[in-house]
Amino acid sequence: MKLNHFEKLKPVCPRCLRDRNRQTALKIGSSIQRNGDSIREGILLCPQSDCLMEYPIIDGLPIIIADLRAYVTQHVFSILQRGDLSADMEGLLGDCLGPGSAFDTQRQHLSIYAQSHYEDRDPKAEQGGGASLDESVLSLLENGLELAGERMPGTIVDAGCSVGRSTFALAEKSDDLVLGIDMSFGMLKVAAKILNEGVASYPLRRVGMVYDQREFPLEFEGSEKVDFWVCDATALPFADDQFAFAASLNILDCLQSPYDHLKSLSRILVPGGKTVIASPYDWTAGATPVETWVGGHSQRSVNKGSSEAMLRSLFAGGGHPNEIQDLHMIGEIERLPWTAKLHDRSVVHYQVHLLAAQARA
Ligand SMILES: C[S@@+](CC[C@H](N)C(=O)[O-])C[C@H]1O[C@@H](n2cnc3c(N)ncnc32)[C@H](O)[C@@H]1O
Ligand SMILES: [Zn+2]
């Protein structure tokens, strides 16, 4: 965790925010291991006497989550995962643990997102380092920034950044600090290794449980403006009016409550701040309870089950009873291609809906 980001972004205690609607700035309790101007291992503290929550910083990643016990229990595997085993040994352990294990699921996710974010920079990629970015998250971001138009200066958050490419891209295009947040400790570890060591390292799935470890030097201009934190996009631990721009690329259909995410975005944006939201609306009950899907059900309702119509209606003037008064839509693109490679012989092609919105000035 970079001290500069901590001081400028002033994260608040997510427990106080959730339980008491109170915005208490966190303090640095201890820095057990420092590396120049960043903390590699340490503890953040809530100073409120009726809270006193402690949030860990591990491998340079602060975990600022209201239900910390549940988070650590669910992610203990990636938090404690050692990084010193050879690719051969990881592969052998993967075979033992088998398909469906937390280990294999994590490797599949790392493979999909790291390849989609960094294949163009991989010297060994089939395309020889020139993979097309036309259907990548970068292209969604480019289109989103164009749609959003002029941006006011100020800090930027990339919600659900996974392994971080869009966060680095935002830093290349901005003078201000950029924060990538995600709930996946494993994905953020890949992003943090690029940021701190200039090395991309991830397993690339070939077939079944066969992965080729990819490792290559990787640096981005402006990366001194970037940091990565573990935060929940549905309960962002920041004071009101903190960020000038927020990206939310392909995460709406991965959340427990997409509505809470939109509300959280609208709360942390400064008046006049903008956000770009992209989603393929690939709803699954495993990720999002049907009750909170944005469309995708109730075909006979006024929105005829359309996710696009339902999302539009959630913004100011859209007519939804719970519309988010502070965010109004400023543009949209109905369909943009986005692809995810599952393994060497399988690619999923999505058509993403992209929408830009602005916080009321
Ligand atoms: C489909 S991926 C998209 C990643 C990236 N934005 C892209 O477009 O390539 C969804 C991401 O959302 C993250 N995520 C899921 N629930 C989240 C939450 N509550 N808060 C923050 N991130 C979350 C996942 O860990 C994953 O990295
Ligand atoms: Zn607190």
Side-chain angles (χ1 to χ4, degrees), residues 11-27 29 44-55 63-68 70-71 74-75 78 105-106 108-110 112-119 133 135-141 144 157-170 179-191 228-237 246-261 264-265 276-284 286-288 292 336 338-341 348 350 352 354:
V12 301
C13 171
R15 178 70 69 83
C16 282
L17 191 63
R18 184 192 67 186
D19 295 349
R20 298 177 201 270
N21 200 19
R22 189 170 64 194
Q23 301 186 359
T24 313
L26 292 175
K27 298 207 169 331
L44 298 175
L45 280 181
C46 171
Q48 282 283 353
S49 56
D50 58 354
C51 176
L52 301 178
M53 272 290 292
E54 295 179 295
Y55 301 95
I63 305 178
I64 312 178
I65 300 283
D67 201 346
L68 183 66
Y71 182 84
Q74 280 163 19
H75 294 79
S78 43
T105 303
Q106 168 155 311
Q108 285 197 29
H109 288 160
L110 287 178
I112 293 169
Y113 294 103
Q115 177 174 34
S116 124
H117 286 209
Y118 299 116
E119 186 184 31
L133 295 176
E135 304 197 352
S136 76
V137 69
L138 283 188
S139 152
L140 299 182
L141 181 66
V157 63
D158 184 10
C161 64
S162 75
V163 289
R165 182 67 184 269
S166 45
T167 319
F168 288 116
L170 281 162
L179 183 70
I181 64 119
D182 203 280
M183 282 286 265
S184 165
F185 196 83
M187 299 245 226
L188 289 181
K189 266 212 284 203
V190 172
F228 294 105
W229 296 3
V230 180
C231 303
D232 183 351
T234 66
L236 292 162
S248 163
L249 305 174
N250 305 322
I251 72 163
L252 218 54
D253 55 6
C254 300
L255 302 171
Q256 276 285 310
S257 174
Y259 181 72
D260 284 340
H261 173 51
S264 205
L265 284 183
V276 164
I277 298 158
S279 181
Y281 305 124
D282 192 13
W283 303 110
T284 57
T288 313
T292 68
L336 279 171
W338 175 55
T339 58
K341 219 172 191 176
V348 181
Y350 293 101
V352 165
L354 189 119

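Remember, predicted model here, so these are calculated numbers, not experimental data. In each ligand, atom 1 is the first atom listed, and ligand 1 is the first ligand listed. Computed over heavy atoms, backbone and side chain alike; hydrogens, waters and symmetry mates excluded.
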Query raised in the report: Parallel, tilted or perpendicular: which describes the rings of Y71 and H75, with under 30° parallel and over 60° perpendicular?
Result: parallel
Report summary line: G186 and L110 have their tightest heavy-atom pair at O-CD2, 3.8 Å
Query - Minimal non-hydrogen separation, L252 against W283, with atom names - result: O-CZ3, 3.7 Å
Interfacing atoms of ligand 1 (cut-off 4.0 Å, heavy-atom, [X]):
X    : result
V137 : 7 (C), 8 (O), 9 (O)
D232 : 18 (C), 19 (N), 20 (N)
M187 : 27 (O)
C231 : 20 (N), 21 (C)
S162 : 4 (C), 5 (C), 27 (O)
A233 : 18 (C), 19 (N), 20 (N), 21 (C)

Query raised in the report: For atom 18 (C) of ligand 1, which protein heavy atom lies nearest, and how many Å away is it?
Result: M183 CG, 3.1 Å
Query raised in the report: For atom 25 (O) of ligand 1, what's the nearest protein heavy atom and its distance?
Result: D182 OD1, 2.6 Å
**Report entry** side-chain contact (heavy atoms from CB on, under 4.5 Å) assessment of T234 paired with S264
**Finding:** CA-CA 6 Å; T234 66; S264 205; 6.0 Å; no
Contact with ligand 1 for [X], non-hydrogen, under 4.0 angstrom:
X    : result
H117 : yes
A287 : no
C254 : yes

Query - D50, CG: over 12 other non-hydrogen atoms inside 6.0 angstrom - result: yes
**Report entry** Option of least heavy-atom distance to atom 16 (N) of ligand 1 (set: D282, I112, L255)
**Finding:** L255
Query raised in the report: Between the side chain of T292 and the main-chain N/O of Q256, is any donor-acceptor distance below 3.5 Å?
Result: yes
